[in-house]
Amino acid sequence: MKYVDCTGKESSLFHCRHQGTDASCNRRPTAGVICKLDKPNVRLVGSTLPHAGIVQIRHYGRWGSFCDWGWGLTQGHVVCRELGYRRALFTTLGALGDVYEEQSGLILVEEAQCTGRESSIFYCDLTYIVRNIDDMYDCRHSHVGGVICESNKEPGLNETAAVRLQGGNSTHMGGVEIQQHDIWHAVCSIGWEKHDADVVCRQLGFPEAVVELGQVQFWFWYRTDVVD
């Protein structure tokens with residue numbers, strides 16, 4: 001894989017434009033990345049199931065939920081993909097029986113306008129609550145947005161493909177490799193930029209890339225077959 005061309009908003013490297021999957025980069029450097037270590041900015045709370053719960057986001061260090069009467073599958077799909085799931089199966093306003101319980105705490109957002117194609121809920125048009133919540137019509141914890149995601153994690157656009165970082169001294173850095181049909185290949189660094197690295201880091205559960213790199217900058221990486 002070479003000439004990777006991401007906008008930076010994709011949820012998977014395989015959603016980006018690129019060339020080829022069956023040729024070699026020869027002795028050209030392979031793509032590498034160091035991902036930013038950070039706490040997650042989106043979470044599901046109130047349930048014993050990891051793929052279900054009330055949706056909360058972290059905004060300036062504070063966790064809060066959505067009081068959005070337009071909350072539905074469009075927003076749910078975005079949240080689930082951001083958390084590494086394929087899609088949303090069901091959304092609610094408020095608790096859902098024994099699946100997840102009503103939560104107390106801050107309510108941050110009164111509206112989330114999404115197209116459904118965003119890779120993060122923060123790429124949606126969010127209207128944060130700036131006035132007294134008591135003055136808002138029916139904006140209570142019994143009306144906050146919840147979701148049930150499909151529990152199988154999404155490996156990427158290609159069902160047989162996955163991404164990993166290989167050869168670094170920590171899980172957040174290394175050479176970028178993709179798996180196709182059970183075989184791992186390194187990605188060529190031709191055309192490799194920060195937008196591309198950001199997509200890989202988010203796909204692996206990190207918020208973004210600190211920097212994008214070529215193999216020459218990490219001599220200790222183990223080099224497998226390079227996908228051109």
Side-chain angles (χ1 to χ4, degrees), residues 6-12 15 35-154 195 198-199 201-209:
C6 305
T7 67
K9 296 183 178 182
E10 295 87 353
S11 59
S12 166
H15 297 172
C35 299
K36 181 179 179 181
L37 292 174
D38 198 2
K39 296 179 181 179
N41 291 315
V42 180
R43 68 184 183 183
L44 304 179
V45 299
S47 175
T48 58
L49 301 174
H51 59 281
I54 300 296
V55 179
Q56 290 187 344
I57 62 171
R58 187 159 59 99
H59 183 62
Y60 291 108
R62 303 182 304 168
W63 286 99
S65 51
F66 292 76
C67 182
D68 182 0
W69 282 92
W71 184 265
L73 285 174
T74 300
Q75 293 82 0
H77 289 322
V78 175
V79 168
C80 289
R81 285 200 305 271
E82 182 168 3
L83 292 173
Y85 301 102
R86 186 181 310 279
R87 59 176 178 166
L89 296 178
F90 194 74
T91 58
T92 65
L93 285 174
L96 181 62
D98 296 330
V99 180
Y100 47 84
E101 301 174 347
E102 181 176 319
Q103 299 294 296
S104 59
L106 195 64
I107 299 177
L108 282 176
V109 181
E110 62 176 304
E111 187 175 20
Q113 294 185 3
C114 305
T115 66
R117 296 187 296 271
E118 296 87 353
S119 58
S120 168
I121 192 68
F122 291 96
Y123 291 137
C124 300
D125 185 7
L126 302 182
T127 302
Y128 291 93
I129 296 174
V130 295
R131 59 188 186 276
N132 190 333
I133 195 170
D134 292 330
D135 296 334
M136 298 178 62
Y137 176 72
D138 267 351
C139 194
R140 302 291 183 270
H141 290 99
S142 58
H143 294 89
V144 296
V147 67
I148 299 176
C149 302
E150 188 172 356
S151 60
N152 293 328
K153 292 283 186 176
E154 180 181 11
H195 287 323
D198 284 340
V199 172
C201 289
R202 284 201 307 273
Q203 187 173 353
L204 293 172
F206 301 102
E208 62 178 335

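Values below: every heavy atom of this structure, side chains too, minus hydrogens, waters and symmetry copies. Just so you know, residue 1 is the first one in the sequence shown, and it goes up from there.
Residue His59 places its NE2 atom among more than 12 non-hydrogen atoms of other residues, nucleotides or ligands, all under 6.0 Å distant.
The closest side-chain heavy-atom distance from Phe66 to Ile121 is below 4.5 Å. Residues Gln75 and Asp68 have side chains in contact (heavy-atom distance under 4.5 Å, counting atoms from C-beta outward). Between Ile148 and Tyr100 the shortest side-chain heavy-atom distance falls below 4.5 Å. Counting heavy atoms from C-beta outward, Cys6 and Asp198 have side chains that stay 4.5 Å or more apart. A 4.5 Å side-chain heavy-atom check between Tyr128 and Val109 finds at least one atom pair inside the cut-off.
Shown here for Leu44 and His51, the closest heavy-atom pair between the two residues is CD1-C, 3.7 Å. Scanning all heavy atoms of the two residues, the minimum distance from Cys67 to Ile107 falls at CB-CG2, 3.6 Å. Residues Arg202 and Tyr123 approach most closely at NH1-OH, 3.7 Å, considering heavy atoms. Nearest heavy atoms, Leu93 versus His143: CD2-O, 3.3 Å. Residues Gly76 and Ala88 share a closest heavy-atom pair of C-CB, 3.4 Å. Listed here is the closest heavy atom pair of Val99 and Ala52: CG1-CB, 4.0 Å.
The CG atom of Leu96 lies 9.0 Å from the OG atom of Ser47; values are rounded to the nearest 0.5 Å. Rounded to the nearest 0.5 angstrom, Asp125 CG and Glu111 CD are separated by 7.5 Å. Within the model, atoms CG of Asn41 and CD of Gln56 stand 12.5 Å from one another, a figure rounded to the nearest 0.5 Å. One distance of note links OG1 of Thr7 with NE2 of His15; it measures 11.5 Å at 0.5 Å rounding.
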Determine whether Gln113 and Cys124 satisfy the following criterion, side chain to side chain contact (heavy atoms under 4.5 Å, CB included), listing intermediate values before the conclusion. CA-CA 6 Å; Gln113 294 185 3; Cys124 300; 5.9 Å; no

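A donor-acceptor pair shorter than 3.5 Å cannot be found between the side chains of Thr127 and Glu110.
Under a 3.5 Å cut-off, the side chain of His77 and the backbone N or O of Arg87 do not form any donor-acceptor pair. Here the side chain of Gln203 pairs no donor or acceptor atom with the backbone of Cys201 at under 3.5 angstrom. The backbone N or O of Val144 sits nowhere less than 3.5 Å from a side-chain atom of Trp71 that would complete a donor-acceptor pair.
A side chain to side chain donor-acceptor pair (under 3.5 Å) with Ser120 is found for exactly one of Arg81, Glu82, Lys9, namely Glu82.
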